[in-house]
Amino acid sequence: METLFGRRIHIREIRSKIPGPRGGAERAAINAPIQGTAADIIRRAMIRVPAALANGKLNARMLLQVHDELVFEAAEKDAAATCAAAKRIMEKPRFPRSRFRCR
């Protein structure tokens, strides 16, 4: 299994002869690319956010990540701009160029 960003997920039990572990592995194989891609997107956003806050001269900082959310601490005057910057970054993840080529 592989995420849209090319990260591979290895699931050993997929070839098990025992139905219980194999069934769990099959469900994990279906879910892994979806969850893994979501994790890749949030990780890439977290890497890009500090620079965006600095470029916007915003008095804000990223405190933590919970699943697909980022939590910020910001001055009240910068709250709206911080939200806009974070939203802009999270809505447009950068995909590797080699992964999606038109032919």
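- Taken to the nearest 0.5 Å, the CD1 atom of Ile9 stands 10.5 Å off from the CD atom of Gln35.
- Once rounded to the nearest 0.5 Å, the distance linking CG of Leu70 with CD1 of Ile89 reads 9.0 Å.
- Residues in residues 58-77 take part in these side chain to side chain donor-acceptor pair (under 3.5 Å) pairs, two or more places apart or across chains: Arg61-Glu73.
- Applying the 4.5 Å side-chain rule to ILVMFWY residues, one finds that Ile18 remains a lone member of its cluster.
- Under the 4.5 Å side-chain heavy-atom criterion for grouping Ile, Leu, Val, Met, Phe, Trp and Tyr, Phe5 is not connected to Met90 through any hydrophobic cluster.
- Evaluation of the salt bridge (Lys or Arg N to Asp or Glu O under 4.0 Å) test over residues 19-32, restricted to residues two or more places apart or in two chains, returns Arg22-Glu26.
- Here the shortest heavy-atom pairing between Ile11 and Ala25 reads CG2-CB, 3.6 Å.
- Across all non-hydrogen atoms, the minimal contact from Leu58 to Ala85 is CD1-CB, 4.5 Å.
- The CD1 atom of Ile42 lies 13.5 Å from the OG1 atom of Thr37; values are rounded to the nearest 0.5 Å.
- For the pair Gly36 and Thr3, the tightest heavy-atom approach, listed with the atom from each and the gap, is C-CG2, 3.5 Å.
- Counting only residues at least two apart or on different chains, the side chain to side chain donor-acceptor pair (under 3.5 Å) pairs with a member in residues 6-21 are Glu2-Arg8, Arg7-Asp40.
- Under the side-chain contact (heavy atoms from CB on, under 4.5 Å) criterion, Leu64 pairs with Val66, Val71, sequence neighbours left out.
- For Ala86, the side-chain contact (heavy atoms from CB on, under 4.5 Å) criterion is met by Phe72, not counting sequence neighbours.
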